[in-house]
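Here's the structure we're looking at; comments come further down.
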Amino acid sequence: MDSLISVRDMCKIYNPGENEVRALDHVDLEIKKGEFVAIIGHSGSGKSTLMNMLGCLDVPTSGAYYLSGRDVSALKDNQLSEIRNQEIGFIFQGFNLIANLTALENVELPLIYRGIGRGQRHKLAKEALIQVGLQKRMEHKPSEMSGGQQQRVAIARAIAAQPPVILADEPTGNLDSASTQEIMEILKGLHEAGHSVILITHDNEIAEQAKRVVRILDGKIVEDYVNT
Amino acid sequence: MGNIIEYVKMAFKNIKANKGRSFLTMLGIIIGISSVIMVMAVGDGTANAMNSEVEDLGTGQISVYCSDDAINAEAWITPEDVAAIKESITGVEGATPQDGTSGTTITGKGEFSVTLSGGTEDLQKSLNFNMKRGSYFTSVDVEEGNRVCVISNSDAKRLFGSDDVVGMDIEVDINGISGSYRIVGVTEQKENTSFVSYTYEGMPVSIEVPYTSFNYFGWESDSFYSVMVFSNDEASGEDVAQDIIHTLETRHQCAGEEYYQIQSFQDMLAELNSMLAIVTTFISCVAAISLVVGGIGVMNIMLVSVTERTREIGIRKSLGAKTSSILMQFLAEAAILTVLGGIIGIFLGLLGAMGACSLMSASMGSVIHPGIKASTILGATLFSCGIGVFFGIYPARKAAKLSPIEALRRN
Ligand SMILES: Nc1ncnc2c1ncn2[C@@H]1O[C@H](COP(=O)(O)OP(=O)(O)O)[C@@H](O)[C@H]1O
Ligand SMILES: [Mg+2]
């Protein structure tokens, strides 16, 4: 299968100098299209840092990163915005919805930045919300929804523009077990529908539900196996 | 940039979602713009009203007076000079010496001080009055030194309780000599002249008399400090003024001594206007300060708003918003707020100006229309919009340039 993500010898050093933190320490990682990968590690092991690199939210200190075959490690701010918009769907632990927008408006945001016209935007956003089971909550504001529902809005926002990669950083970290399972089912469904899903977690039980598990410790990949 | 409509919509949504903050932002602009417009409109309106009034009554009126050198040389203006000016200069319709004295009179209404303005029958040309009763004194009265006088209807009422006083006598005491003046005419003030003549309690009664009538009181009225010349509309005031000086200098053989000076009504008008301009400038400074203070208010609220929304900026950037998109959104918000505030400010400013003008009109008995200049409105609006947009953009730019991760980390 085609390579989706190719990370070579990547380092990320925070506060270079005296108090430097080596959050990523010579990481190599290959992920192919259509994979469902869990990245697991303790708190502070560098998972979020890795996700920020993979999602082009931040730039590495050294190393190369190819996304869909394109070198993105040396791109400018505006080009990174374009990559995030077109290649990546984010799901954050804290949902990161905009409080004064409705569910539908939140889902429409990445489509607006992609320049999609109003009619098609509405259609795509509604479809995404229906896909996560929120057809009855489209006009609700985040404050009027439960945590699980808010995370489903965030998933709808991540998938509305059909990006090749879905990056989820501890998407169930703030949720109860019932909501957690709901979200996991949706992610599994997305994988089955052909999306590439990268799931970051510190929870072994959740990691076991992915097809492949990458374990990270102190900024180094220490284990990489396929679930059987 | 094809998404401008989207940014404007987003901006409106945000303004509505944060009504209190939006209102406070606009308030600064509203106060600034409305106060500038109000002050300028009232100031200009007052200036216009004064100008048109003064123009009404004073064009073509030239006052000639003796300089200090002339006084030292005793080169006073004589009745013959006045006659020569009237006869020989083209464009001159009339000329009268200006002489005056004061005295007292006692009537059934009490004791009054009286100001007597002496001149020839041409004095009536200077008046901003209509004859209400009787007629003005004549050249015969001037020749014969008759003690006749013309009085205003309001002064007549003060002296006698009625303005039907033609034929009655006013007994005037000047320096212990008393003489009676027969009233031959009663004048009535033209409308809308509050700035020019204004009466108050205890103000002397004023009458106009032939200057020759002063002879009766023991001095000869034949040398004058000043003469009032009336030119017709066609004559250039400047030319007439030069001719008057030339005539006087020839008659007194004092060419080049600068004995005689001119003050035309235009000069007075210019003086009046420059005084008004000083007042307007001062008030404008005060208004400009309020504009600046309003602008600082806008700046503060914009800074707070951007700081509050750094996380939102992070979210938008993580979803693919470019720095320029974020800027557009904040620019649209700032522009909408300042333009709305500007419109409300203009509206309130005009309303305030009309209110102030009608209050002033009522208390002064003269009509003042607010002087609304497009340049004032445009200037004030551009200024405050500039402030709003600049201070909206500046912090937004800083926030938009953060990496999305950094923006997201702020809470
Ligand atoms: N912006 C930052 N500045 C300094 N140190 C950071 C920053 N972000 C993360 N770190 C450090 O890098 C290490 C990895 O952090 P992170 O990637 O957030 O771990 P995880 O998501 O696995 O909990 C931690 O030691 C953390 O303290
Ligand atoms: Mg983390």
Side-chain angles (χ1 to χ4, degrees), chain A residues 12 14 23 48-60 76-102 104-118 121 141-143 154 157-158 160-161 163 167 169, chain B residues 1-23 305-333 336-337 396-411:
Chain A
K12 178 67 181 180
Y14 291 114
S48 293
T49 304
L50 182 57
M51 139 121 173
N52 293 342
M53 299 304 145
L54 298 184
C56 294
L57 289 168
D58 204 355
V59 287
K76 296 255 161 24
D77 187 54
N78 268 349
Q79 295 167 311
L80 290 175
S81 283
E82 262 170 42
I83 299 272
R84 287 195 294 271
N85 184 246
Q86 288 169 15
E87 308 284 332
I88 296 154
F90 290 100
I91 304 165
F92 299 95
Q93 178 174 358
F95 318 139
N96 279 350
L97 299 176
I98 292 177
N100 56 36
L101 300 183
T102 64
L104 187 65
E105 287 165 345
N106 266 291
V107 175
E108 279 183 79
L109 276 181
L111 302 171
I112 290 179
Y113 293 123
R114 194 181 278 201
I116 294 177
R118 189 186 146 86
R121 209 165 66 217
K141 296 253 170 91
S143 58
R157 183 178 65 186
L167 275 179
D169 188 358
Chain B
M1 292 292 141
N3 276 350
I4 282 185
I5 299 162
E6 293 304 329
Y7 300 135
V8 170
K9 274 197 226 154
M10 274 184 206
F12 265 116
K13 220 169 269 167
N14 251 308
I15 288 168
K16 265 197 265 168
N18 299 292
K19 289 198 186 71
R21 195 174 63 198
S22 306
F23 173 73
S305 141
V306 169
T307 313
E308 248 177 29
R309 290 166 61 189
T310 302
R311 192 178 164 76
E312 175 190 329
I313 291 173
I315 296 174
R316 288 178 185 273
K317 280 202 95 176
S318 74
L319 298 176
K322 292 181 183 158
T323 304
S324 59
S325 317
I326 303 282
L327 275 180
M328 284 297 294
Q329 184 194 337
F330 277 82
L331 177 69
E333 262 188 68
I336 291 168
L337 283 178
R397 202 175 125 81
K398 264 174 66 183
K401 285 196 148 186
L402 289 175
S403 89
I405 276 304
E406 238 169 297
L408 279 174
R409 204 177 287 134
R410 308 215 173 150
N411 220 336

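Reminder, nothing fancy here: chain letters follow the sequence lines and each chain counts from 1.
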Straight-line distance of A:Leu167 CG to B:Ser318 OG, nearest 0.5 Å: 11.0 Å

Under 4.5 Å from a heavy atom of chain B, the part of A:Glu105 involved: side chain

Side chain proximity check, A:Ile112 to B:Leu319, heavy atoms < 4.5 angstrom: no

Side chain, backbone, both or neither of B:Ile315 within contact of chain A (heavy atoms, under 4.5 Å): side chain

Donor-acceptor contacts, no H, no angles, side chain residues 87-97 of chain A, under 3.5 Å, sequence neighbours left out:
from, atom 1, to, atom 2, distance (Å)
A:Gln93, NE2, A:Asn174, OD1, 3.1
A:Asn96, OD1, B:Arg311, NH2, 2.2

More than 12 heavy atoms of other groups within 6.0 Å of B:Phe23 CZ: no

Per-residue contact mode, A:Arg114 against chain B (heavy atom under 4.5 angstrom): neither

Heavy-atom closest contact (B:Gly320 atom, A:Asn85 atom, distance): CA-CB, 3.6 Å

Contact check, side chains of B:Glu6 and A:Arg121, non-hydrogen atoms, under 4.5 Å: yes

Least distance between heavy atoms, A:Ser81 atom then B:Ala321 atom: OG-O, 3.0 Å

Inter- and intrachain pairs under salt bridge (Lys or Arg N to Asp or Glu O under 4.0 Å), touching residues 312-331 of chain B, at least two apart: A:Asp77-B:Lys317, A:Glu82-B:Lys322, B:Arg309-B:Glu312, B:Glu312-B:Arg316

Contact check, side chains of A:Thr102 and B:Lys13, non-hydrogen atoms, under 4.5 Å: no

B:Lys9 atom NZ, over 12 foreign heavy atoms within 6.0 Å: yes

Straight-line distance of A:Ile98 CD1 to B:Ile313 CD1, nearest 0.5 Å: 10.0 Å

Most chain B-contacting option - heavy-atom pairs closer than 4.5 Å, from A:Leu80, A:Leu109, A:Ile83: A:Leu109

Engaged part of A:Asn78 at the chain B interface, taking heavy atoms whose separation is under 4.5 Å: both

